[in-house]
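The structure appears below as C-alpha cells.
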Amino acid sequence: MEVKCTLCGRKEEITKVHKDYRKLARDKNAVYTCETCRARLRYQALQAQKEEKPL
C-alpha cells in the first residue's frame, strides 16, 4: 500500500508487517507520519517540555 506523510508529503510503500497498516487499511483518511517526521515531532515535544535554565 502506498501512503503519503501528512507533514512532509513523502510517499512510502508499506507492507502488512508495518505497525500502521491496519489503521490505514480500515480508514483511508487516517493520519500517517513517516519515521523522519515522527522523530522530529518527538524531539520538538521533548525540547518544549524542558524547563528554561535561569540566567
Quick note, side chain to side chain donor-acceptor pair (under 3.5 Å) partners involving residues 5-15, not counting sequence neighbours, are R10-E12, E12-Y32
Does N29 have any side-chain contact (heavy atoms from CB on, under 4.5 Å) partners at least two apart in sequence or in another chain, and if so, which?
-> D27
Quick one: name the residues clustered hydrophobically with L7, using the 4.5 Å side-chain heavy-atom rule over I, L, V, M, F, W, Y, and just say none if it's on its own.
-> L41
Output every pair passing salt bridge (Lys or Arg N to Asp or Glu O under 4.0 Å) with a member in residues 39-53, not counting sequence neighbours, ordered by first then second residue.
-> none
What is the minimum heavy-atom distance between C8 and C34, and which atoms define it?
-> SG-SG, 3.8 Å
Show which side-chain atoms of residues 16-23 pair as donor or acceptor with protein atoms under 3.5 Å away, not counting sequence neighbours.
{"unit_1": "H18", "atom_1": "ND1", "unit_2": "D20", "atom_2": "N", "d": "3.1"}
{"unit_1": "D20", "atom_1": "OD2", "unit_2": "R38", "atom_2": "NH2", "d": "3.4"}
{"unit_1": "K23", "atom_1": "NZ", "unit_2": "V31", "atom_2": "O", "d": "3.2"}

